[in-house]
There are 2 protein chains.
Amino acid sequence: MPNRRARLRAETSAEIKAIALKLMATGGPDAISLRAIAREMGMTANAIYGYYATRDDLVTTLINDVYSDLVERLEAARDALPPDDAAGRILAWAENFRTWSLANPEGFRLIYGDPVPGYQPPEEGVEAELRACAALVGLVAAAWPRAVERQSHGDHEWTDFDPHVVDTVRADHPDLPPAAVVLSLRVWGRMHGLVALEVYGHLRTQTREPGKVYSAEMADLISSLGF
Amino acid sequence: MPNRRARLRAETSAEIKAIALKLMATGGPDAISLRAIAREMGMTANAIYGYYATRDDLVTTLINDVYSDLVERLEAARDALPPDDAAGRILAWAENFRTWSLANPEGFRLIYGDPVPGYQPPEEGVEAELRACAALVGLVAAAWPRAVERQSHGDHEWTDFDPHVVDTVRADHPDLPPAAVVLSLRVWGRMHGLVALEVYGHLRTQTREPGKVYSAEMADLISSLGF
DNA sequence: ATCCAAACTATACGCCGTGCAGTAAAAATA
DNA sequence: TATTTTTACTGCACGGCGTATAGTTTGGAT
């Protein structure tokens, strides 16, 4: 009856992740140590090696979990608005991205920063990130009919992108030109920039109202898309 | 003759920094360890405590050094163009920011990321960062006559900013409205976003031409300033 | 020549990831 | 049911880390 075994295994694995996330929430990504997790579980650090081959493996799993949490929230915020409200959906995505990041700064650092000393991200990207990018392309695609007139049509080619990305995009949006994918990456970068600076405390010494700066930036983004 | 003492002291201090930077260049910010530095110098780790009270103090010094290096390069790139070429100066700043960041990814992570496990940045900002921001305000100020028409004049007040920033700005640009300072922060964020994503490898799984994406974004930035 | 302070070493404590050997219990097999 | 295999886990060890405390050497001043 391997079911019982498998169940216990899954439970232990989940407990490891849960404790790791709890440690991260209080002490930042650096607090994720196999020894601390084991201590909290009443186990030896080596026991964790039965579930994750290395600490980096555990961190990679955590990144995927946290990233998925973020993406689900953003998708929910998007879906709370009607599909034809392209501008509103982008704004909702943007504002929720910032709100989540400030509420979970440790998660942000885990996902977008150096999660843990010496951590090497996996060669293939994080799955949740691909999901987020695909969603972002969807948002831009909905706005593309208007944005197309405002954006420069530089020399962007499909060969500029990862083949996997190209397949995904063309499956969902057959008529979308490569310039739209470039635009969605730019939108991503635009949201990321100010939020990253804020999370890492670089705006703190400049402005007392980082939220107003971000809102202004996003308003400008929306208007640059033709809304 | 305390001069000799002081000279030796300064030399040792400089050697510590130099070795720390060398270690960082090869192994990333995580490789900056007192023990490794001491090993390289043929000393004990504790000897370093005579020069820097804690490891974080050393890291703070390194951040300032590296940041200054970056700012000097950016200012040089700016000054290579005539003052009336506001758009060109912003573009030069932007492109050199990306070039430097990609050439010194470890430096970028030191400045803008989590430099070292458990590092707490000093309460007062890093001096070089204030310099960079002041320079950015200067660039935006030069473009402001044109940009003013394109930018929304939201409800930005001088009280939204750190008093020190307000003083600096008003000293250099007496007639500049607060909206221009907000704009310069937004410009900073816009440059930071894509570069941070690229340095941390998040664009790698999406596009093969991150430089083209960045250039397109910067072209759009310039045009949004009215050029 | 003597004294002092600065520079440095030695030792130790508690953290970390992880490799290797051993053990107890659960499951599979006979 | 008795035996064997697999799984989960412990114990110990190694080398890494920051850093606190105490002791030692040494250059400069008196």
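What you see below is based on every heavy atom in this structure, not just the backbone, and it leaves out hydrogens, waters and symmetry mates. Chain letters run A, B, ... following the sequence lines, proteins first, then strands; residues in each count from 1. Small disclaimer: the values here were computed from a predicted structure and weren't measured.
- Checking D:dC17, D:dA8, D:dT19 against every side-chain atom of A:R9, the shortest atom distance belongs to D:dA8.
- For A:R39, counting side-chain heavy atoms from C-beta on, the closest listed nucleotide (D:dG16, D:dG18, C:dC15) is C:dC15.
- For B:Y49, taking side-chain heavy atoms from C-beta onward, the closest of the listed nucleotides D:dT19, D:dC17, C:dT18 is D:dT19.
- For the pair B:N46 CG and C:dA12 P, the computed distance is 14 Å after rounding to whole Å.
- The OH atom of A:Y52 sits 18 Å away from the C1' atom of C:dT18 (whole-angstrom rounding).
- In this structure, the CG atom of B:L8 is 12 Å from the C1' atom of D:dG28, given to the nearest Å.
- We find that CD1 of B:I48 is positioned 11 Å from P of D:dC17, with the value rounded to whole Å.
- Atom C1' of nucleotide D:dG16 and atom CG of A:L34 are separated by 15 Å, given to the nearest angstrom.
- B:I16 places its CD1 atom 11 Å from the C1' atom of C:dA7, with the value rounded to the nearest Å.
- What separates CZ of A:R7 from P of D:dT7 is a distance of 18 Å, to the nearest Å.
- Which of D:dA8, D:dA13, D:dT19 sits closest to the side chain of A:R35 comes down to D:dA13.
- Within the nucleic acid shown, B:Y51 comes within 4.0 Å of sugar-phosphate atoms alone, with no base atom in reach, counting heavy atoms only.
- Counting only N and O atoms by type, the side chains of B:T60 and B:Y52 include no donor and acceptor under 3.5 Å apart.
- Checked against A:I37 for a side chain to side chain contact (heavy atoms under 4.5 Å, CB included), the options A:E40, A:R39, A:M41 give a single hit: A:M41.
- A straight line from CD of A:E40 to C1' of C:dC15 spans 16 Å, rounded to a whole angstrom.
- Checking D:dT19, C:dT18, D:dT10 against the side-chain heavy atoms of B:T54 singles out D:dT19 as nearest.
- No donor-acceptor distance shorter than 3.5 angstrom exists from the side chain of A:T207 to the backbone of A:L203, with no hydrogens or angles considered.
- Looking at A:Y112 and A:Y200, their side chains never bring a donor and an acceptor atom within 3.5 Å of each other.
- With distances taken from any side-chain atom of A:M43 to the nucleotides D:dC12, C:dC16, D:dC9, the minimum falls on D:dC9.
- If you check C:dT9, D:dG11, C:dG17 against the side chain of B:A47, the one that comes closest is C:dT9.
- Relative to the six-membered ring of A:Y51, A:R9 meets both conditions, a distance below 6.0 Å and an angle of at most 45° to the axis.
- Both B:T44 and A:A45 sit near DNA chain C, but only B:T44 has its closest nucleotide nearer the 5' end.
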